*Asks:* 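The structure follows.
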There are 2 protein chains.
Amino acid sequence: MAVQDRRQATIYEVAQRVGVSIATVSRALRGTDYVAPETRRRVLAAVEELQFRPSRLGQSLAEGRHAANGIVFPDLSGPYYSEVVLGYEEVAAELGNSVLILATHGRPDPARKVLELARRVDGMVVMGRTVADGIVAQVAETGVPTVLLARAAVGALDTITADNDSGARRLVEHLLGHGYRRFAYLGDPDTSPDVTDRYGAFRAALADAGHTPPRAPVRCAFDVDAGHRAARRVLAGPSRPQALVCANDEVALGALAAAAELGLTVPTDVAITGWDDVMAARYAGLTTVHQPMRKLGATAARWLHDRMAGSQDAVRREVLPTRLVVRSSCGPHSAETEV
Amino acid sequence: MAVQDRRQATIYEVAQRVGVSIATVSRALRGTDYVAPETRRRVLAAVEELQFRPSRLGQSLAEGRHAANGIVFPDLSGPYYSEVVLGYEEVAAELGNSVLILATHGRPDPARKVLELARRVDGMVVMGRTVADGIVAQVAETGVPTVLLARAAVGALDTITADNDSGARRLVEHLLGHGYRRFAYLGDPDTSPDVTDRYGAFRAALADAGHTPPRAPVRCAFDVDAGHRAARRVLAGPSRPQALVCANDEVALGALAAAAELGLTVPTDVAITGWDDVMAARYAGLTTVHQPMRKLGATAARWLHDRMAGSQDAVRREVLPTRLVVRSSCGPHSAETEV
DNA sequence: GACCGTTCCGGAAGCGCTTACAGTGGCCCC
DNA sequence: GGGGCCACTGTAAGCGCTTCCGGAACGGTC
C-alpha cells in the first residue's frame with residue numbers, strides 16, 4: 001500500500017493475491033460461470049485494493065472485437081454534420097459501443113485514414129463525400145460492417161439518405177409559384193452527393209415545368225464566406241437572377257449578407273433559399289428544406305448495430321423525408337407558413 | 001485466390017507464405033530493422049496477395065498503447081461544443097491519434113462511461129461539467145494523461161479555459177454604459193463551470209460599479225426553447241428588466257423570439273446579450289462574447305499530446321482571451337462596432 | 001456403495017502482434 | 001588464416017485477457 005504503483009495491476013496480480021487462478025478472477029468479474037460466493041467476494045475485494053481495471057486491449061484481443069464503431073464525415077464544422085454525429089453517438093453509446101470519429105475534410109490521403117479507422121472498429125458509417133467508393137468497398141470486404149449515410153449506395157451496403165429529390169422539387173415548385181423564372185444555383189454539386197442530388201432535382205423540376213434551368217451552378221464551398229463571395233459575384237453581374245437557390249444554409253446566409261451589402265432587398269429584389277434548416281436559418285428568415293439530422297445519425301447507428309450483431313437481412317435502403325420550411329426570404333406570403 | 005477468405009489474414013500466414021518468421025514480416029512492414037531488400041519485396045508481395053492488414057489490437061497490445069485519445073463533453077448539440085471537438089479532432093488526428101468521443105449529456109452514470117473511455121485511450125480531455133472532480137482524479141491516477149477544458153482545475157492537471165471573467169466584465173460595463181440598471185441573468189450557473197464563472201463575474205462587475213446585482217439567476221437549460229420560455233416569464237412579469245444577460249447564444253436567441261412575441265422591441269424595450277458568438281448570433285444581431293472554440297480544442301489536443309509523449313513539465317494553465325462582439329441587441333450605437 | 005449431476009476451480013491454449021536476444025554467414029583486414 | 005564486424009534472420013518471450021477442457025469434491029439416488 002505504501003508506495004502507489006504507477007502501473008496498472010493485471011489480472012495475474014489479482015489472482016495471486018486471492019490465491020486463485022486468473023480464470024477464476026475473470027469469471028468472478030464477468031459472472032459468466034460458477035464462482036463460489038465467498039471466492040467472488042475475495043476477488044472483488046482484491047480488485048478494489050489493487051484498483052484493478054481489466055485492460056481493454058487484453059479483453060478485446062481475447063474477445064476478438066473492439067466494442068467500438070466509427071463514423072467518417074467530411075467535416076464537423078457546420079451544424080449539419082455535428083447534429084448527425086451527435087445523433088449517431090447517442091445511440092451507439094446506448095448500444096454499448098464507443099465511437100471514433102474521423103473528419104476527412106482537407107486532410108491529405110483520407111483513404112489511408114479511413115482504412116486505419118476500419119482496423120480499430122467493429123463497424124463504421126461513412127458519410128457524404130469522404131473517400132472514393134473503391135475504398136468503401138475495400139473496407140466492407142475486410143469484413144467490417146459498413147453503412148452509408150448521405151451518400152450514394154455502393155454494392156450491397158445499407159444506405160440511408162435524406163430525401164433531396166422531393167425536397168428540391170417542392171422548393172422549386174414553391175419558387176415558381178412566386179413567379180420567378182431566372183434562377184441561379186449556388187454551391188458545388190460535385191463535392192457532396194446530397195448536393196449532387198439536389199442540383200439534379202432542381203434542374204429536373206424546372207425542366208419538367210417547362211422552364212430552362214441555369215446553364216451551370218455557381219460553384220463555391222459550403223460556408224458562409226464562400227457563399228457571400230459567390231453571391232456578390234452573381235448579384236452584381238448582368239441579368240441578375242430572381243432567385244438564388246443555395247446548396248445549404250451557410251451559403252444562403254452568406255448570400256443574404258451579400259444582398260444586403262449590395263443594397264438589395266430580400267425577397268423583393270432577389271429571393272434566396274437554403275438547405276438543412278440550421279438554427280441560424282430561423283433567425284435569418286431563411287426559406288429552406290429541413291433535414292432530420294439527428295435521426296439520420298441515429299438510424300445509421302442502429303442499422304450498423306444490427307449488422308455488427310450479424311444480421312444477414314436484405315440490404316436496407318431508406319430515404320428519410322425532408323420538409324420545406326417557408327420563411328420570408330423566398331417571397332411574400334399572406335401568413336407565416338412556418339416558424 | 002479462388003475463394004475469398006472472409007477472415008483477415010494474420011502475420012503468421014504471411015510469414016508462412018514467404019517462408020520467413022513473423023519477426024521478419026513485422027520488421028519488413030514497419031521498417032524498424034535490417035531486412036534484405038529482396039526479402040522485404042517478397043513480404044510486401046505476400047501482404048498484397050493475402051490482403052494482410054495488421055490487427056490493431058495485436059499491435060496495441062504488444063506496443064502497450066492505443067494510439068488514441070478521447071474527449072468527453074456534456075453534449076455535442078449546439079455549435080459551441082461541436083466546434084471545440086472539431087478543433088480537437090483536427091490536431092489529434094494530425095498527431096497520429098484516433099479520436100474517441102463521449103457525450104455524457106443526459107446519460108445515466110456518466111462516471112462509468114468516462115472510466116470506460118479511459119481504458120481505451122492513451123489520454124483524454126474532459127470538458128465542462130461532465131463528471132465529478134473525483135472521477136477525473138481517479139482517471140488521472142490510473143496514469144492516463146488528462147487535460148481539462150472549460151472546467152475548473154483539478155489537482156495537477158493541465159487546464160485550459162476561455163476568459164469568462166473579463167468577458168463578463170466588459171459586457172457588463174458596456175451595458176452599464178447604455179444606462180441599464182435592472183438586469184436579469186438567464187441560464188443555470190450550476191450546470192456549467194463556464195457559466196458559473198460568467199455569472200460570478202457578472203455580479204461582481206455590477207457590484208464593483210456600485211449597483212445591486214439581481215437576487216438570483218433565472219435558471220433554464222441552455223437551448224433556444226428553454227431560453228424562450230424563461231424569457232417569456234421574465235419579460236411578462238412585473239418590473240421588467242432593462243437587460244437580459246443570457247448564459248449563451250441559444251438562450252439569448254430564444255429570448256429574442258420571446259421579446260418579439262410579446263411585442264417588445266429589442267433593444268429599445270429590452271436589451272439582450274448572449275455568449276459564444278455562434279453563427280446564428282450574427283444574423284440575429286445579437287451582442288455576445290466571442291469564444292475561440294477551435295483554438296480551445298486544438299490547444300487541449302496539443303497539450304494532451306505533450307503529456308502522452310511523457311512531458312513532465314510544470315502544470316499548464318491557460319486562459320484564452322474572449323472578445324466582446326457588439327451588435328444591435330444591446331442598444332443603439334452610432335456606428336456598427338462589429339459585424 | 002456405485003453412479004451421476006452439480007458446483008467450483010485450475011491449467012493451458014489461444015488472440016496477433018513487437019522486440020530482445022541469439023545466432024549465422026560473409027567479408028574485410030591485418 | 002583467424003578475428004571482428006555487419007547485415008540479416010529466427011526463436012521465443014511477452015502483452016493481458018477469455019474460454020475450453022477436464023478434474024475434484026460433494027451430495028443425492030437407486
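Bear in mind the structure is a predicted one, so any value in this text is a computation, not a measurement. Only this structure's heavy atoms are used, side chains among them; waters, hydrogens and symmetry mates stay out. In what follows, chains carry the letters A, B, and so on, assigned in the order in which the sequence lines appear, proteins first and then strands, with residues in each chain numbered from 1.
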*Asks:* Counting only side-chain nitrogens and oxygens, does A/Thr24 get under 4.0 Å of the OP1 or OP2 atom of C/dG10?
*Replies:* yes
*Asks:* Can you tell me how far C1' of C/dC8 sits from CZ of A/Arg41, to the nearest Å?
*Replies:* 17 Å
*Asks:* To the nearest Å, how far apart are A/Arg119 CZ and C/dG16 P?
*Replies:* 14 Å
*Asks:* Starting at CD of A/Glu63 and ending at C1' of C/dC15, how long is that distance when rounded to a whole Å?
*Replies:* 11 Å
*Asks:* Just checking, is any N or O donor in the side chain of A/Arg119 or B/Gln59 under 3.5 Å from an acceptor N or O on the other one?
*Replies:* yes
*Asks:* Are any side-chain N or O atoms of A/His66 and backbone N or O atoms of B/Arg56, one a donor and one an acceptor, separated by less than 3.5 Å?
*Replies:* no
*Asks:* Indicate whether any N or O donor in one side chain lies under 3.5 Å from an N or O acceptor in the other, for A/Tyr80 and A/Asp75.
*Replies:* no
*Asks:* Mind calculating the distance between CZ (A/Arg53) and P (D/dC17) to the nearest angstrom?
*Replies:* 12 Å
*Asks:* Regarding C/dC15, can its base be found pairing with the side chain of B/Tyr12 as donor and acceptor, where the two atoms are less than 3.5 Å apart?
*Replies:* no
*Asks:* Is there a donor-acceptor contact under 3.5 Å from the side chain of A/Asp122 to the main chain of A/Ala67?
*Replies:* yes
*Asks:* Is B/Gln59 near enough to C/dT18 that one of its side-chain N or O atoms lies under 4.0 angstrom from OP1 or OP2?
*Replies:* yes
*Asks:* Is the phosphate of C/dT19, meaning OP1 or OP2, less than 4.0 Å from a side-chain N or O of B/Arg30?
*Replies:* yes
*Asks:* Can you find a side chain N or O atom of A/Ser55 that sits less than 4.0 Å from OP1 or OP2 on D/dG16?
*Replies:* no
*Asks:* What nucleotide among D/dT19, D/dT9, C/dT18 has an atom nearest to a side-chain atom of B/Ala62?
*Replies:* C/dT18
*Asks:* Using whole Å, what does the distance between atom C1' of nucleotide C/dG16 and atom CG of B/Leu50 come to?
*Replies:* 15 Å
*Asks:* Can you check the A/Ile22 CD1 to D/dG16 C1' distance for me, whole Å?
*Replies:* 8 Å
*Asks:* Cut-off 3.5 Å, side chains only: do B/Ser98 and A/Arg120 have a donor facing an acceptor?
*Replies:* yes
*Asks:* Assess whether one donor atom and one acceptor atom, taken from the side chain of B/Arg27 and the base of D/dG10, lie less than 3.5 Å apart.
*Replies:* yes
*Asks:* C/dC8, OP1 or OP2 - any side-chain N/O from A/Thr39 closer than 4.0 Å?
*Replies:* no
*Asks:* Counting only side-chain N and O atoms of B/Arg65, is one of them less than 4.0 Å from OP1 or OP2 of C/dT18?
*Replies:* no
*Asks:* Nearest whole Å is fine: how far is D/dG16 P from A/Phe52 CZ?
*Replies:* 10 Å
*Asks:* With rounding to the nearest 0.5 Å, note down the distance linking CZ in A/Arg129 to OG1 in A/Thr104.
*Replies:* 11.0 Å
*Asks:* Should A/Arg56 be listed as having a side-chain N or O under 4.0 Å from OP1 or OP2 of D/dC17?
*Replies:* no
*Asks:* Using whole Å, report how far CG of B/Leu57 lies from C1' of D/dT18.
*Replies:* 14 Å
*Asks:* The side chain of B/Leu61 is closest to which nucleotide in this list: D/dT18, D/dC15, D/dT19?
*Replies:* D/dC15
*Asks:* I want to verify a distance call: between C/dC8, C/dG16, C/dT18, whose nearest atom is closest to the B/Thr10 side chain?
*Replies:* C/dG16
*Asks:* Pick base, sugar-phosphate or nothing for B/Ala36, based on heavy-atom distances below 4.0 Å to the nucleic acid.
*Replies:* sugar-phosphate
*Asks:* Taking OP1 and OP2 of C/dC8, is either one under 4.0 Å from a side-chain nitrogen or oxygen of A/Tyr34?
*Replies:* no
